[in-house]
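Right, one structure below, let's go through it.
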Amino acid sequence: MIPVAFDYVRAGSADEALAALGEHGDEAKLMAGGHSLLPMMKLRLAYPSVVVDIGRLNDLSYVNDGGDHIAIGALTRHRDVETNDLVQEHAPLLAHATSHVGDPQVRHRGTLGGSLAHADAAADHPSVLLAMGGSVVARSAAGGERVIDAADLFAGFLESSLEPTEMITEIRIPKHTGEGWNFQKFNRRAQDWAIVGVSAQRTNGSAKVALVNMAPTPIRATAVEEALTGGATAAEAAEQAATGMQPSSDLNAGVDYRSHLARVLTRRALQEAGIE
Amino acid sequence: MEITVEVNGASHSADVEPRTLLVHFIRDTVGLTGTNIGCDTSSCGACTLHLNGEAVKSCTMLAVQADGQAVTTIEGLADGEQMHPMQEAFMNCHALQCGYCTPGMVMASVSLLDENPNPTETEVRVGLEGNLCRCTGYHNIVKAVLSASGGGK
């Protein structure tokens with residue numbers, strides 16, 4: 001399988017990438033590691049007329065200590081995220097979940113920024129960003145820059161709130177040093193997407209919970225969080241995991257089974273995160 | 001687009017369409033057919049080769065992405081007649097039957113030991129999660145990797 005023919009632009013800098021986006025608008029797609037975009041192009045589910053290769057922007061591959069948060073360059077590859085000391089110490093949920101993305105070959109190429117921009121409800125990273133209350137920095141071809149909170153990043157099925165002329169340059173993860181966390185991923189083969197997944201992160205006595213593959217977008221389990229705030233036990237709160245969700249039905253699981261998985265995995269995640 | 005890729009130490013230049021996959025460039029343009037195409041959807045790992053020393057799936061890369069980079073394929077592992085220790089280990093442990101997954105499996109295994117020279121059995125199994133084998137049941141592959149690491153006795 002090969003993609004539909006396209007024009008290839010190799011960006012030597014973020015400025016060049018943004019200039020190409022400014023010129024071609026929504027005809028163009030950014031390609032970082034290419035491990036979400038290229039499979040879609042091969043299946044002809046995506047057919048951009050211009051591919052802007054940002055895979056060589058090494059100045060956007062970094063992990064920095066930002067004081068109260070960890071700042072991660074958008075082009076940082078999964079392998080470099082999962083093995084980074086700062087990430088392991090201050091954002092262990094991110095490090096752990098990253099080690100479960102795809103397989104080692106995929107993690108050598110795929111990037112954190114690319115994964116988030118792809119906005120796939122079945123992907124692991126969006127749930128981590130939601131549960132950890134992270135944000136992304138987006139630069140615009142017009143010259144501006146804005147910070148988009150995780151809560152505002154995922155707009156629809158495979159759709160982020162990024163404009164066609166914006167690119168993610170940095171991901172910011174609030175430090176959660178020493179706080180309880182857990183990640184659950186249920187799938188049939190090791191390298192598959194989660195049939196259902198759960199990210200749970202404790203923060204100063206409260207907890208955020210986000211679900212993988214339980215709605216058209218990555219989504220917070222607000223009913224679970226509210227139950228916990230109201231004094232419910234982990235087991236009681238987890239019963240609300242499918243409340244308000246719109247899981248899909250596919251070869252792997254129907255709606256009922258996905259809802260069941262969400263409840264069971266959320267209970268495990270909460271209890272493993274240290275919530276009674 | 002004109003690209004130059006270093007393959008197994010030798011420079012190869014060609015004019016390729018941007019949509020050319022790296023695996024097709026390696027097999028059809030460079031002429032090295034040891035790298036197999038299996039699923040063509042980055043699941044099976046048969047097309048695994050090394051890009052700048054790291055295992056990647058060449059069905060999920062464009063040849064233009066490898067422009068100016070160094071690729072090692074299964075043909076580049078041996079030193080003349082002297083097999084790479086991982087190839088020896090696969091032979092000694094009978095870690096293959098039909099052999100289709102073997103080039104990718106060996107390349108993934110070499111990359112695995114580069115990153116973790118003394119893995120446990122579990123780490124080998126997890127580390128090879130990106131490569132599917134439909135013959136062996138994986139048991140002898142895991143043995144071979146452990147033996148190449150010096151961990152399998």
Side-chain angles (χ1 to χ4, degrees), chain A residues 1-12 29 31-58 77-80 82-83 96 99-111 114 185 187-193, chain B residues 1-3 16-25 28 37 39-69 104-105 107-116 119 123-132 138:
Chain A
M1 298 182 295
I2 55 173
V4 174
F6 53 85
D7 289 330
Y8 175 80
V9 178
R10 182 179 299 149
K29 283 291 277 183
M31 178 177 281
H35 273 55
S36 297
L37 181 57
L38 192 49
M40 290 187 69
M41 289 170 63
K42 289 173 65 178
L43 292 167
R44 311 274 172 128
L45 297 171
Y47 30 85
S49 50
V50 180
V51 169
V52 181
D53 184 358
I54 54 172
R56 298 181 191 219
L57 304 188
N58 293 332
R77 297 187 190 275
H78 300 322
R79 168 78 189 164
D80 297 325
E82 70 174 287
T83 55
H96 177 81
S99 76
H100 286 263
V101 172
D103 53 53
Q105 290 97 315
V106 168
R107 297 196 293 274
H108 285 148
R109 294 293 301 164
T111 67
K185 181 173 184 175
N187 53 15
R188 293 171 63 215
R189 295 180 308 172
Q191 61 192 205
D192 279 342
W193 282 271
Chain B
M1 177 176 172
E2 185 75 16
I3 63 168
V16 301
E17 267 195 275
R19 61 175 168 167
T20 307
L21 302 177
L22 179 59
V23 70
H24 290 143
F25 173 78
D28 302 338
I37 300 173
C39 69
D40 202 9
T41 56
S42 64
S43 296
C44 79
C47 66
T48 299
L49 46 69
H50 292 181
L51 181 76
N52 301 327
E54 287 182 331
V56 301
K57 292 180 169 178
S58 59
C59 76
T60 307
M61 267 195 73
L62 300 170
V64 289
Q65 290 178 290
D67 183 21
Q69 320 281 313
M105 201 64 88
M107 297 309 283
S109 300
V110 171
S111 181
L112 167 66
L113 291 194
D114 282 347
E115 291 173 356
N116 182 3
E123 286 169 341
V124 172
R125 289 184 183 276
V126 171
L128 293 179
E129 68 189 353
N131 293 72
L132 302 180
Y138 301 98

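Side chains included, hydrogens not; waters and symmetry mates left out as well; all remaining heavy atoms used. So you know, we letter chains A, B, ... as the sequences are listed, proteins then strands, and number each from 1.
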Heavy-atom distances under 4.5 Å only: say whether B:T60 touches chain A with side chain, backbone, both or neither. both

Spacing of A:Q105 atom CD and B:S111 atom OG [to the nearest 0.5 Å]: 7.0 Å

Scored by heavy-atom pairs under 4.5 Å with chain A, the best of B:M1, B:H24, B:Q65 is B:Q65

Which one, B:V126, B:V64, B:N131, B:L132, leads in non-hydrogen pairs under 4.5 Å with chain A? B:V64

For A:R79 and B:E54, what are the C-alpha separation, side-chain angles and deciding distance, and is it a salt bridge (charged side-chain N to carboxylate O under 4.0 Å, His left out)? CA-CA 11 Å; A:R79 168 78 189 164; B:E54 287 182 331; 5.7 Å; no

Supply the atom-to-atom distance A:K42 NZ to B:L21 CG, rounded to the nearest 0.5 angstrom. 5.0 Å

Counting only heavy atoms closer than 4.5 Å, note whether B:E17 contacts chain A via side chain, backbone, both or neither. side chain

Do the side chains of B:D67 and A:Y8 get nearer than 4.5 Å, heavy atoms only? no

Sidechain-backbone polar pair: B:R19 side chain, A:P3 backbone, donor-acceptor under 3.5 Å: yes

Closest heavy-atom pair, B:G130 versus A:P104, reported as atoms and distance to 0.1 Å, is N-CD, 4.4 Å

Considering only heavy atoms and a distance below 4.5 Å, find which of B:V56, B:L112, B:D40 pairs most often with chain A. B:D40

Proximity breakdown for B:I37 and chain A, heavy-atom pairs closer than 4.5 Å: neither

Which value, rounded to the nearest 0.5 Å, describes the distance between A:L38 atom CG and B:L22 atom CG? 10.5 Å

Do you know which of B:S43, B:G127, B:A108 has the most heavy-atom pairs with chain A at a distance under 4.5 angstrom? B:S43

Report which part of A:M41 has an atom under 4.5 Å of a heavy atom belonging to chain B: side chain, backbone, both, or neither. neither

Do A:M31 and B:L62 have side chains that get closer than 4.5 Å, going by heavy atoms? yes

Measure A:V51 against the heavy atoms of chain B and call it side chain, backbone, both or neither at under 4.5 Å. neither

Side chains of B:Q69 and A:R56, heavy atoms from C-beta outward: is any pair under 4.5 Å? yes

